[in-house]
Enquirer: 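Just passing along the structure, written as structure tokens.
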Amino acid sequence: MGTDFIRQRIGGDLDAGNVEGGIVTRFPPEPNGYLHIGHAKSICLNFGVAEEFGGVCYLRFDDTNPANEDEEYVHAIQRDVRWLGFDWGDRLTYASDYFEQLYQFAEELVRDEKAFVDSQSAEEIRIARGTLTKPGQDSPYRSRSVEENLELLQGMRAGQYADGEQVLRARIDMASPNVNLRDPVLYRIRHIPHQRTGDTWCIYPTYDFTHCVCDALEGITHSLCTLEFEDHRPLYDWVLDNINVNFHPPQIEFSRLGLEYTVMSKRLLAQLVSDARVSGWDDPRMPTLAGMRRRGIRPAAIRDFCGRIGVTKSDNRVEMSLLEFCVRQDLEAVAPRGMAVLDPLLVTLTNYPEGQTEELGAAWHPQQPERGERQMPFGAALYIEREDFAEEPPPKYRRLTPGGMVRLRYGYIIHCDEVVKDTEGRVTELRCSYVAESRSGSDTSGLKPKGVIHWVAVHAAVQVEVRLYDRLFKVAAPEGQDLTDTLNDASLRSVQAQVEPAIIASDEPRFQFERVGYFFKDPVDSIAGSPVFNRIVTLRDGRAKGR
RNA sequence: UGGGGUGUCGCCAAGUGGUAAGGCACCGGGUUUUGAUCCCGGCAUUCGCAGGUUCGAAUCCUGCCACCCCAGCCA
């Protein structure tokens, strides 16, 4: 793990003896959607920092707005954090755990004349707030007496008012150049049952009032959040400076993650789900942790990625190639190899005894012979990849051509004698001859074909569905554009592939289909004996290179 | 046009006055029965721009410029 500005700051605080009790951080998601890879950055930071400095990290649900939140998300978030490999131990909390204390602090602010109940409508408040360049106007209710404010606030809590009728506001400065300080709302009335507190409350504290107080109560030593909250820091500090709480965490901001060809806003992701542009939050094309998990990406790859992107304050949009690199690197040593033909072209070996078959040994992992091998059935009828044959090969083409030869990986060298086409001119079959003495491992032919291709014997091939995923969007930065014309309609392609039987018989969840990519048995749609494979990522393609 | 931020290679990102780390990508080359993996090598005389201070600046000062965020009773 590199040392970013936050870790440097924490290390410095530790060295200076500013944090006696050890580091305490928190990951504070609102349960209103699924976690995505941008959250993973924050999770890896908060939990990672706690681990590295011998501290602890809370998982705290920021459930202050029952209108947006749902229990489903609470479960999904816990699952995702755990899947990523982090453990909050007994430090699972909810902002709602502190509702009573929050309320008491609110009364305290009222008693100290630091807050007042405003009876203006939301619209009136908005207008009086001024603009970015014009100062706001004080509310006519700004100087109500402590007694009146207290009675009003208690009345709000008791349910005497309708939604929006009253609101508790901090009394700060309506002329502040920072609009967040223009008497921000601390409590609003919402006659909505809360998923955890039921109908105990009909007033709910806002983020700005809640977050800093929860941080203080939990003794968070470093409150890490994203850049858009930088303007809120004065308010964070104001609240803690004006209530009787003896702990004041520093808020430190870092930039959120941007990733090319996808979006990271929960709003847009939720829209993709509700508009059925994807199959759900766990659609393998989604940048959600649930989606990436279903795609077949392992948590180690995501953690590696989060370590490589760093933590800074600069706006960023990371290239997809970095994520892909992390995914491939993680899978390279782990995934057993197998062969699958995605777009089959029939090859008939004219000199191979009709009806004869044999078994050819093939390593599960060429760099790890200890993993053993499987037997690949071989016969006179084979499938090869359609794109591994070219009638008019481009320069440096290393596969089959009319009159050319290639090696069938772990098998024989074949020679293309005849190209059979249908009436449309489409190639339907290649009639080839095999070199009997070229069998892999006992090759005495002396031939040196320039290429090696994968294949599957027709008589033993199993047809399965393979889902080929591509980027969700056609443009690198889709935000702010119309989904309909930026969405990549080729982001999912389903094909019927021919795979070797050993893959079907294996319990391995992930394979590298040689020369094609890494694939994962879809955990939802696979049936015993009839798996559906998701393409996790393609193999790196060095085809452009010379040599 | 008010406030808050950010600008170092195509993308991330070190660097905190001593003469531009690293990763990804890309480009060579080697090994290879996966055009994969692996291995070697290349890749910013320059740090948004312009001045200034200094023996010396990406790092300090001044002035510009560009981009991002903020006017929810969302977080």
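Quick note on labels: first sequence line is chain A, next is B, and so on, each numbered from 1.
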Enquirer: In whole Å, what separates the C1' atom of B:A14 from that of B:A21?
Expert: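 Comparing C1' positions in B:A14 and B:A21 gives a spacing of 6 Å.
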Enquirer: Just to confirm, is there a sub-4.0 Å distance from OP1 or OP2 of B:A75 to any side-chain nitrogen or oxygen of A:T64?
Expert: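 So the side chain of A:T64 is within the cut-off, an N or O lying under 4.0 Å from OP1 or OP2 of B:A75.
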Enquirer: Could you tell me how far apart A:N316 (CG) and B:A14 (P) are, to the nearest whole angstrom?
Expert: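 Taking CG of A:N316 and P of B:A14, I get 11 Å after rounding.
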Enquirer: So what does A:Q8 hit on the nucleic acid, given a heavy-atom distance under 4.0 Å: a base, only sugar-phosphate, or nothing?
Expert: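 The residue A:Q8 makes base contact.
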Enquirer: Is the base of B:G30 syn or anti, if syn means a glycosidic angle within 90° of 0?
Expert: anti
Enquirer: By the 4.0 Å heavy-atom rule, please label A:P366 as base, sugar-phosphate, or nothing.
Expert: base
Enquirer: Look at A:R535 together with A:D470 and state whether they make a salt bridge at an N to O cut-off of under 4.0 Å.
Expert: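 No, A:R535 and A:D470 are not salt-bridged.
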Enquirer: Looking at A:R374 and A:A363, would you say the former's side chain and the latter's main chain have a donor-acceptor pair under 3.5 Å?
Expert: yes
Enquirer: Looking at A:N65, I'd like to know whether one of its side-chain N or O atoms comes within less than 4.0 Å of OP1 or OP2 on B:C74.
Expert: yes
Enquirer: Looking across every strand, which nucleic acid part, if any, lies under 4.0 Å from A:Y207 by heavy atom: base, sugar-phosphate, or nothing?
Expert: base
Enquirer: Describe the nucleic acid contact of A:R409 in one word from base, sugar-phosphate, nothing, applying a heavy-atom distance below 4.0 Å.
Expert: base
Enquirer: Check whether the side chain of A:Q329 and the base of B:U37 form a donor-acceptor pair under 3.5 Å.
Expert: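 No, no donor-acceptor pair under 3.5 Å.
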Enquirer: What interatomic distance, in whole Å, is found between C1' of B:A25 and the corresponding atom of B:C12?
Expert: 11 Å
Enquirer: Once you apply a heavy-atom cut-off of 4.0 Å, does A:S121 come out as touching a base, just sugar-phosphate, or nothing?
Expert: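 Since a base atom lies under 4.0 Å of A:S121, the category is base.
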Enquirer: Applying a 4.0 Å non-hydrogen cut-off, can you work out what A:I309 is touching in the nucleic acid: base, sugar-phosphate, or nothing?
Expert: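 The answer is sugar-phosphate, as A:I309 gets under 4.0 Å only of primed atoms, P, OP1 or OP2.
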Enquirer: Under 4.0 Å from OP1 or OP2 of B:A71: is there any side-chain N or O of A:R182 that close?
Expert: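 Checking A:R182 against B:A71: no side-chain N or O falls below 4.0 Å of OP1 or OP2.
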Enquirer: Applying a 4.0 Å non-hydrogen cut-off, can you work out what A:D231 is touching in the nucleic acid: base, sugar-phosphate, or nothing?
Expert: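 Touches a base.
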Enquirer: Heavy atoms from C-beta onward define the side chain here; which of B:A71, B:G7, B:G23 lies closest to that of A:R308?
Expert: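 Closest nucleotide among those given: B:G23.
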Enquirer: If you look at every strand shown and take non-hydrogen atoms under 4.0 Å, does A:T312 touch a base, only sugar-phosphate, or nothing?
Expert: sugar-phosphate
Enquirer: Kindly say whether, by distance alone, the side chain of A:H232 makes a donor-acceptor pair under 3.5 Å with the base of B:A75?
Expert: yes
Enquirer: Surrounding CZ of A:R256 (heavy atoms of other residues, nucleotides or ligands, distance under 6.0 Å), is the total greater than 12?
Expert: no
Enquirer: Suppose we define a pair by two distances each less than 3.5 Å, Watson-Crick or G-U wobble; what does B:A66 pair with here?
Expert: B:U6
Enquirer: Any donor-acceptor pair under 3.5 Å linking the side chain of A:Y261 with the backbone of A:E319?
Expert: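 Judged by distance alone, no pair lies under 3.5 Å.
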Enquirer: Answer yes or no: side-chain N or O of A:E319 and base N or O of B:G10 forming a donor-acceptor pair under 3.5 Å.
Expert: yes
Enquirer: When the nearest nucleotide of RNA chain B is assigned to A:V452 and to A:R328 on a heavy-atom basis, which residue is associated with the more 5' position?
Expert: A:R328
Enquirer: For a quick check of understanding: with a heavy-atom distance under 4.0 Å over all strands, which category does A:I125 fall into, base, sugar-phosphate or nothing?
Expert: base
Enquirer: Rounded to whole angstroms, how far apart are CD1 on A:I189 and P on B:G72?
Expert: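 Spelled out: CD1 on A:I189 to P on B:G72 is 19 Å.
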Enquirer: Would you please indicate if the ring centroids of A:Y207 and A:H211 are separated by under 6.0 Å?
Expert: yes
Enquirer: Is A:R190 close enough and on-axis enough to A:Y204, meaning under 6.0 Å and within 45°, for cation-pi?
Expert: no
Enquirer: Would you indicate what A:E260 reaches in the nucleic acid, counting non-hydrogen atoms under 4.0 angstrom: base, sugar-phosphate, or nothing?
Expert: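 The residue A:E260 makes no contact with any strand.
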Enquirer: Can you find an N or O donor on one side and an acceptor on the other, under 3.5 Å apart, linking the side chain of A:R407 with the base of B:U33?
Expert: yes
Enquirer: Hey, which sits more toward the 5' end of RNA chain B by its nearest nucleotide, A:R515 or A:E230?
Expert: A:E230
Enquirer: On the nucleotide B:C68, are OP1 or OP2 found under 4.0 Å from the side-chain N or O atoms that A:R317 carries?
Expert: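 Checking A:R317 against B:C68: no side-chain N or O falls below 4.0 Å of OP1 or OP2.
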Enquirer: When we call it a touch if two heavy atoms are under 4.0 Å apart, what does A:S440 touch: a base, just sugar-phosphate, or nothing?
Expert: base
Enquirer: Is there a donor N/O on one and an acceptor N/O on the other, under 3.5 Å, for the side chain of A:R126 and the base of B:G72?
Expert: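 By the distance-only test, no, there is no pair.
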Enquirer: Looking at every strand, decide which applies to A:Y187 at a 4.0 Å heavy-atom threshold: base, sugar-phosphate, or nothing.
Expert: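 No contact.
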Enquirer: Please determine whether a side-chain nitrogen or oxygen atom of A:R129 lies at a distance below 4.0 Å from atom OP1 or OP2 of B:G72.
Expert: yes
Enquirer: Regarding A:F254, tell me which of base, sugar-phosphate or nothing describes its non-hydrogen contacts under 4.0 Å with the strands shown.
Expert: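 Contact class for A:F254: none.
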Enquirer: Parallel, tilted or perpendicular: which fits the ring planes of A:F511 and A:F533, with parallel below 30° and perpendicular above 60°?
Expert: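 Geometry flag for A:F533 against A:F511: perpendicular rings.
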